[in-house]
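Here the structure is laid out as structure tokens; the discussion comes afterwards.
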Amino acid sequence: MEVELTLPDGTRLRVPLGTRAGDVLRRWKPQEAHAFLAATLDGQPIDLERPIERSARLAPLTFEDRAGRDIVQHSAAHLVAKALLEVVPAARPTHGPPTDEGFYYDFDVRPLTLEDLDRIRANIRMSVEAKEPFHRKDLRRSEAEATFASNPHKLRYLAAAKPGETISVYYTGDQFVDLCRGPHVPDTSWLEGTYILGQSAVVSETTPGTPMLQRIRGVAFPTRHLLDEYLKMRKEAEARDHRILGPRLGLFTFLDEIPGFPVWLPNGTIVIRELERFARERLEKDGYVEVRTPLLFPQSVYEESGHWEHYRENMFLSTIDERTFGWKPMNCPGAMLIFRSRARSYRELPLRLAEFAPLHRYEASGTLHGLTRVRELVQDDAHLFVTEEDVAAEMRKLLDWIRDAYAVFRLDYTYELSTRPAGSLGNEEDWNRAEATLESLLRATGVPFRISAGEGAFYGPKIDIHVRDSLGRAWQTGTIQLDFQIPRRFHLEYQGADGQMHTPIVIHRTILGTWERFFGVFLEHCAGRLPPWLAPVQVRVLPVTEAQMSAAKGYADELLREGIRAEVSDTSETLPKRIRSAEVERIPYMVVIGEKEIADGSVSVRTRGEKGSRSASRAEFVARVVERARTRAFEP
RNA sequence: GCCACUGUAGCUCAGUUGGCAGAGCGGCUGAUUCGUAAUCAGCAGGUCGGGGGUUCAAGUCCCUCCAGUGGCUCCA
């Protein structure tokens, strides 16, 4: 009996039934076969050693394919499990999937120490050198249950398998066997670049309420060389860490006395002021009004808003005159009270109230992280009071705003649409209509988005914006949330054209999110090289010798008069040293003034990061800096 | 909050089996007046994260608290 296999380039090969996938692929492309680590049969991933039992489409998988990469990660997870069992035989493996970055494997085991990890690493090296094969074996359910009798986690997975489902196990070498669908790389030599990133305790995903599992995280590459490249990239990313750059550039700092509360230094305060200016320009254009409300509200207001019930654990509380006050974690209560403070007409809608107030949120100590997770923050926040007919138009304006704003920072972002959670308030019809509106608006933006079913707030669906830091960690920045509930809770109403009273819909929204998180991520994105409009010092004027000092000061004054943040370097260091200092401080423009420049009324301009200089007239350079700052150009 | 790890000068880091606390950069002072990424010299700067313990003796060993790092949970 023969089967016919169709390869990706259209080639058809007839081979005897039961021929291994790897053998077919080697015959097809002998020159490239060394890179094949698995295959797909009619799109389904399979092992190279798998016998083929029907005519089908067959294609190779390499590390370049996402599916192939995942197979390497997942195989490495098995390798880690095998090593851990040899180091700590009492450990019970649970599951070990690939992730976006690499892989992890969760174990039911005592907490692991660095020594354990070292022994695991050594064990992995031995396995890789021994080139231990991965073998698949199909088992009957009873056989599988006997094999994993001592591991309740695996038994639970078995119990969850569908009645007719094939149950397969994989051997790594002779001893270690794991319940797994596969496929895997042919042998452990494919896992030469396996690297353990760390360990942590995790809450069991499958069985909440059980003791914590220990997770080993890692990343794997087929060669040592590829791993080295990855490690080099990571090291470069670490050099852009905002927690290092911020204090070094005098932007912000963190103090032991006030964990989670960032301290904005003079340079950083300039940046925040510019960000607020940026946000306010658009607020004016888009018909917003800005308000200021207190930082503290009494418990009764939070009871009305729902925060007392849903958010109290995250609030700082104070007692004043025997009453309990909470430091506001969000701006909504103030906005609601303003709307309610007098009778409202439909003619005032949409009413858009913006507020940039410090917010306080009690975050668990272990979650604090530089500027990206703090206990005091400021959002570019606003609350829109709208009618249902307004929702789509307002949403579209917000999505345009987001597009424009993130383009200025050249930041890539993705959307997440979170839909109705269990136990939500309000009727299903409102939810469905709102979700459909949001989804079609998102689709129209062309920005990648995913839907998180059931992850919406209890009061309405939301759209979140995600960006990534230098190490690839995703952070939520902006958010747009539809709220049908809070207007009802506060008994908000306006008089319509029909003379009747109506309840508005509220849209909570931020564009960049919080200055803290957004700036932390952006600082890493630009590696500290802030665009001219944000740079605390935009121009440093450098006299070649002291003889040009007064000319340099005169020119700096000229720049200052044009609204350019300029300063003169007046130390007695050599010019190359002062250039270096300015580069290290990431100042966008360096202007050198020497005898020659004084003679012809020019300046010598060096742009950050560029070797050498070019000559410009004094007026030309002023005009250039003003223009780059006004247009918020990304590069100097 | 949970698990592991880390904490020596402003920063980056040395500091033998427990035996007198160091370097480079930065800072200050002086000299130098220099043409696009580091001029030279001198000086200052540390309760070795805090507290407790073991020891003749603790930066080093033990306990505890604080802060940080990587994850987890949660979240802008």
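Every chain is numbered from 1 and lettered A, B, ... according to where its sequence line falls, protein lines coming before strand lines.
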Phosphate OP1/OP2 of C74(B) contacted by R375(A) side-chain N/O (<4.0 Å): no

Determine, for E394(A) against R352(A), whether the closest basic-nitrogen to carboxylate-oxygen distance falls under 4.0 angstrom. yes

Y195(A) vs Y230(A), ring-ring contact (aromatic ring centres under 6.0 Å, His included): CA-CA, chis, key distance, verdict: CA-CA 10 Å; Y195(A) 184 76; Y230(A) 166 83; 7.3 Å; no

Measuring from the side chain of Y362(A) (C-beta onward, heavy atoms only), which nucleotide among A76(B), G1(B), G70(B) has the closest atom? G1(B)

Classify R234(A) by what it touches in the nucleic acid, base, sugar-phosphate, or nothing, heavy-atom distance under 4.0 Å. nothing

Touch check for T510(A), heavy atoms < 4.0 angstrom, all strands: base, sugar-phosphate only, or nothing? nothing

Salt bridge check: are R234(A) and E101(A) linked by an N-O gap of less than 4.0 Å? yes

Distance, rounded to the nearest Å, where D256(A) contributes CG and A67(B) contributes P: 8 Å

Between R92(A) and T94(A): side-chain donor-acceptor atoms closer than 3.5 Å: no

When you check the phosphate oxygens OP1 and OP2 of C3(B), does a side-chain N or O of R215(A) lie under 4.0 Å from one of them? no

Counting just side-chain N and O atoms, does Q476(A) come under 4.0 Å of either OP1 or OP2 of A76(B)? yes

Side chain of R217(A), base of A4(B): donor and acceptor closer than 3.5 Å? no

When you measure from the side-chain N and O atoms of R110(A) to the phosphate of C3(B), is any distance below 4.0 Å, counting only OP1 and OP2? no

Taking atom C1' of G70(B) as reference, at what distance in whole Å does atom OH of Y104(A) sit? 16 Å

Do N331(A) and H383(A) have side-chain atoms, one donor and one acceptor, less than 3.5 Å apart? no

Please report the distance, rounded to the nearest Å, between OH in Y589(A) and P in A37(B). 19 Å

Whole angstrom value for the distance that separates P of C3(B) from CZ of F107(A): 19 Å

Is the phosphate of G26(B) approached by R248(A) (side-chain N or O, under 4.0 Å from OP1 or OP2)? no

On the nucleotide G71(B), are OP1 or OP2 found under 4.0 Å from the side-chain N or O atoms that H369(A) carries? no

Under the 3.5 Å rule, do the base of A76(B) and the side chain of E363(A) count as making a donor-acceptor pair? yes

Could you work out which one of A76(B), A67(B), G70(B) sits closest to the side chain of R361(A)? A76(B)

Rounded to whole Å, please give me the gap between CG in L255(A) and P in G10(B). 13 Å

With a non-hydrogen cut-off below 4.0 angstrom, is E583(A) in contact with a base, only sugar-phosphate, or nothing? base

Would you tell me if any nitrogen or oxygen in the side chain of R606(A) comes within less than 4.0 Å of OP1 or OP2 on A37(B)? yes

I402(A) CD1 - A76(B) P separation (whole Å): 15 Å

Mind calculating the distance between CD (E238(A)) and P (G68(B)) to the nearest angstrom? 19 Å

Heavy atoms only, 4.0 Å cut-off, all strands: where does G366(A) land among base, sugar-phosphate and nothing? base

Have a look at Q214(A) and say if it touches a base, only the backbone sugar-phosphate, or nothing, with a 4.0 Å heavy-atom cut-off. sugar-phosphate

With a 4.0 Å cut-off on heavy atoms, is L377(A) in touch with a base, just the backbone sugar-phosphate, or nothing at all? base

Heteroatom pairs (N/O) under 3.5 angstrom, protein to nucleotides 31-35 of chain B:
unit_1, atom_1, unit_2, atom_2, d
U32(B), O4, S572(A), OG, 2.9
U33(B), O2, E546(A), N, 3.1
U33(B), N3, E546(A), OE1, 3.1
U33(B), O4, E546(A), OE1, 2.8
C34(B), N4, S572(A), O, 2.5
G35(B), O6, E595(A), N, 3.0
G35(B), O6, K596(A), N, 3.3
G35(B), N1, E597(A), OE1, 2.8
G35(B), N2, E597(A), OE1, 3.2
G35(B), N2, E597(A), OE2, 2.5

Would you indicate whether D404(A), at its atom CG, is surrounded by more than 12 heavy atoms from other residues, nucleotides or ligands within a distance under 6.0 Å? yes

If we count only N and O atoms by modelled type, under 3.5 Å, do the side chains of T510(A) and D381(A) hold a donor and an acceptor together? no

